[in-house]
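Okay, structure first, notes after.
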Amino acid sequence: MAINSSLAPRAPPAILSPLMSGFRLFDLNPEQERAVRTTEGPLLILAGAGTGKTRVITARVAFLIAQGVDPAQILAVTFTNKAAKEMRERLAKLVAPEQAKPVTMSTFHALCVRVLRQDIDKLGYKRNFSIYDEGDTTGLIKKIITRTAAKDEKLEANVAKSLISKAKGNGWSEVTPGDEQSLAAAVFAKYQQELKTMNAVDFDDLLLLTYKLLTEHAAVREKWQRKFRYLMVDEFQDTNRLQLELVTNLADARQNVAVVGDDDQSIYGWRGAEVSNILEFEAHFPNPTVVKLEQNYRSTNAILGTANALIKNNPRRRPKQLWSAHEGGAKVRVIGMSDDRQEADFITSEIAQRAVTEGAKHEDFAVLFRMNAQSRMVETHLRELHIPYRVVGGSSFFDAREIKDLLAYASVLLNADDDVSLLRIINTPARGIGPSVVERATELSVHKRCSVFAALQDGEFRSGLSKRAAEALAAFTGFLDAWETKLNTPLSKQAEVLRAFIGETGYLADLKRSCKTQDEGLKRENKVVEMIRWFEDDEEAKGKSLRDFLDDMMLREEKEEDEESKGSGVTLITLHAAKGLEFPHVYLIGLEEGLLPHDRSKMEGTVDEERRLLYVGITRARQTLALTWCGHRIKYGSPMPGTASSFIKELPAEWVEHKNATQMLNAPVAAETVKGKFGALRALLENTPS
DNA sequence: TGCTTTATAGTTTTT
DNA sequence: CTATAAAGCA
């Protein structure tokens, strides 16, 4: 996110000379400059919240280029596409386009796809492997569980999935011990074997198989070590063991590995992130240069003092002390509420009030919470006051049925062994291949350890079918074959082939028929058409193949922004999703024992991570921060009593003031009055074009 | 096939 | 309470 944009003058647009003369270090502070200038050997940059991390990374890449490093030999790895994109945009402002373009800036996963598409055959997969997303893998695991579990055995698909994911993230096979260990282990083994017969990989496999490739095939490892001479890893505190291993294996003897991260912001331990990667960095990369970035360009000292005091209570961490050249700022308010209704009412009416009295914009405010369910009450109250808002997170563009169907069709063309996709579309629209045929084919595929498509081709299988079914099946497989050939004809425009193929399937007509309203049908159809056009653009502009495009789609999160509320309004967001963002005014709600820290964290012994979560929340605020807790909260329909979070006791008296909402609501302006005034003002504003 | 009823469980989430 | 998934029904 935009770190310190208000303070920093824009950097000069181009590097004047590859030599040091003329190269300005963009007004970096001494620590930042040291991080940028340290180009050789391992480097650990401990970048506290709001200390200009992204700036340092991009400046360092620019510096490397100015030093004469070939841009193509620089690799910067991030966690999200968004971060990679942002970094690329920032770099584009520091160096010439022809220097920026060859730099590799990608996520771990995208990088691994690149490696695997070249050499995965060395591991017994085919190079046209499919990538399965969360939904695909959950479905697969579910099926395997029902097939494997005895009647008295129970195993939740999500539990199994997380066990499998963690096992893979740690390198390989050991499934964490537990009561269902044997079943989970069996499911794991079957799952992995089935993925392979389908020539498919999941997200974890992307990392795992790349790791295998690099460690077991020296030639491949050396190829990539030669390619990348300077490595940078962002958000290093979020890496798991496998990702650390990948970095280790990509680095050659020179060990030019620069990692950037903040152990205090490690909040993804529950999904396999290893804080020890950053805490014990020296063990993995001996004698590193260590740089601490502690000057914060985001928040007031009241906010930073509060954050510092809180996080000091964590035992395993690298000591850091954020400070700011800004004023002390307003004290952090800790406000006790009677219940969650009052909490929401207080926050929303105060936002309404401050919009008037302080002239603050709605998008300056954010409400942060531990659980998504907490947003509801706030939403209701915001709607009542006609305050625009956006809820971050939510459903993805790619969750839409029609998009999944389209991607499945495309995937089957490229890899017919992809059962998950094949089964998705085999009878959509209905083409006479009913559930019984599909079931028998699936059974045979399990028995013969082949893909469903291969099972469908089996002569014996076909002769066992009714004449009608056999004909329908032959028509379908022939159809796929024909279009596969067309797609792979050299010089053919794949987007056009795909469009014609989808047309021929009759999918769109079927889609529209299944919709209740015509309007909905058109919208859905439009999505499909749009996506094909999107591919067409990529094919023409960037020369992407359908496979490239599918890879991009599978590895992209891209939450769908609500079209009307895009860009404006109060932000409602979970603490996890808020990492990396900043807002002038933050309300952090639900600071109750059991919610933050969450009850489950106590059982799991991860209260430290909950503290970091609160720390992340606090450090999102630029100017003002309010923390609230409730004496009662509606849980599962009925109000449950609650007490203030134990974290509140850890906050420093110097920077914090304690209040209670009943006084505040009654004292200056009654909430109703504010509502009325604001409503009138708003009506006025709405008649004025903005 | 597609719909309504019933049971069940209930952090955090990117790739 | 409410979202979701499986089961039951037309």
Side-chain angles (χ1 to χ4, degrees), chain A residues 77-84 106-113 116 131-139 142 146 154 156-159 161-162 165 168-169 201-208 210 234-235 238-240 242-243 246 266-273 340 368-377 380 392-396 398-399 427-430 434-435 510 513-516 551-559 573-580 590 592 594-604 606-607 609-610 612-614 616-617 633-640:
Chain A
V77 194
T78 61
F79 259 78
T80 64
N81 293 303
K82 197 176 143 205
S106 100
T107 63
F108 272 105
H109 296 265
L111 176 69
C112 289
V113 170
L116 292 174
I131 302 169
Y132 282 177
D133 67 19
E134 282 319 293
D136 297 333
T137 51
T138 320
K142 249 184 213 164
T146 46
K154 249 189 241 149
E156 191 111 27
N158 282 326
V159 175
K161 200 174 81 163
S162 130
S165 180
K168 287 188 179 183
V201 302
D202 65 16
F203 288 146
D204 297 311
D205 283 339
L206 291 173
L207 306 175
L208 184 59
T210 303
D234 191 16
E235 304 282 15
D238 290 337
T239 51
N240 62 23
L242 208 43
Q243 285 159 332
L246 283 172
S266 164
I267 55 175
Y268 286 108
W270 53 276
R271 65 175 200 214
D340 48 340
L368 274 50
F369 36 79
R370 176 69 233 261
M371 287 196 300
N372 285 308
Q374 290 174 261
S375 75
R376 202 170 229 144
M377 182 73 78
T380 313
V392 178
S395 62
S396 161
F398 298 93
D399 290 341
N427 208 30
T428 309
D510 185 63
R513 199 168 346 106
S514 70
C515 290
K516 277 178 199 151
D551 286 350
D552 285 355
M553 293 302 109
M554 299 312 284
L555 296 179
R556 182 188 313 268
E557 95 263 37
E558 201 110 333
K559 296 286 180 195
I573 191 170
T574 62
L575 288 164
H576 282 94
K579 194 177 74 161
E592 289 133 49
L595 192 53
L596 184 66
H598 196 275
D599 268 331
R600 203 172 296 194
S601 75
K602 294 189 194 171
M603 300 193 288
E604 289 167 0
T606 54
V607 176
E609 185 157 304
E610 299 284 303
R612 292 194 289 262
L613 201 48
L614 177 55
V616 166
R633 179 175 296 279
I634 307 276
K635 253 184 192 169
Y636 311 139
S638 47
M640 302 285 281

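- A salt bridge between Lys602(A) and Glu610(A) is absent, with no side-chain N of the basic residue lying under 4.0 Å from a carboxylate O of the acidic one.
- For the pair Phe369(A) CZ and dT11(B) C1', the computed distance is 12 Å after rounding to whole Å.
- Nucleotide dT13(B) holds its C1' atom 12 Å from the NE2 atom of His109(A), rounded to whole Å.
- If you measure from atom CD of Glu609(A) to atom P of dT11(B), you get 16 Å, rounded to the nearest angstrom.
- Nucleic acid contact class of Glu604(A) (heavy atoms, under 4.0 Å, all strands): base.
- Nearest-nucleotide positions on DNA chain B for Leu206(A) and Asn427(A) put Asn427(A) closer to the 5' end.
- Listed candidates were dT15(B), dG10(B), dT2(C). Nearest to the side chain of Arg376(A) is dT2(C).
- Side-chain contact between Ser266(A) and Arg612(A): present, with at least one pair of heavy atoms (C-beta onward) separated by less than 4.5 Å.
- His576(A) and Tyr268(A) have tilted rings, their planes meeting at an angle from 30° to 60° on a 0 to 90° scale.
- One can place CG of Leu368(A) at 13 Å from C1' of dT12(B), the figure rounded to the nearest angstrom.
- Atom name C1', nucleotides dT14(B) and dA3(C): the rounded distance is 23 Å, in whole Å.
- Comparing dT11(B), dT15(B), dA6(C) by their closest approach to the side chain of Lys142(A) singles out dA6(C).
- The pair Lys579(A)-Asp238(A) meets the salt-bridge criterion, with a side-chain N (NZ, NE, NH1 or NH2) lying under 4.0 Å from an Asp/Glu carboxylate O.
- In this structure, Phe79(A) reaches the sugar-phosphate backbone alone: every heavy-atom distance under 4.0 Å involves primed, P, OP1 or OP2 atoms, never a base.
- No engagement by Asp133(A) is indicated, since no non-hydrogen atom pair under 4.0 Å with the nucleic acid exists.
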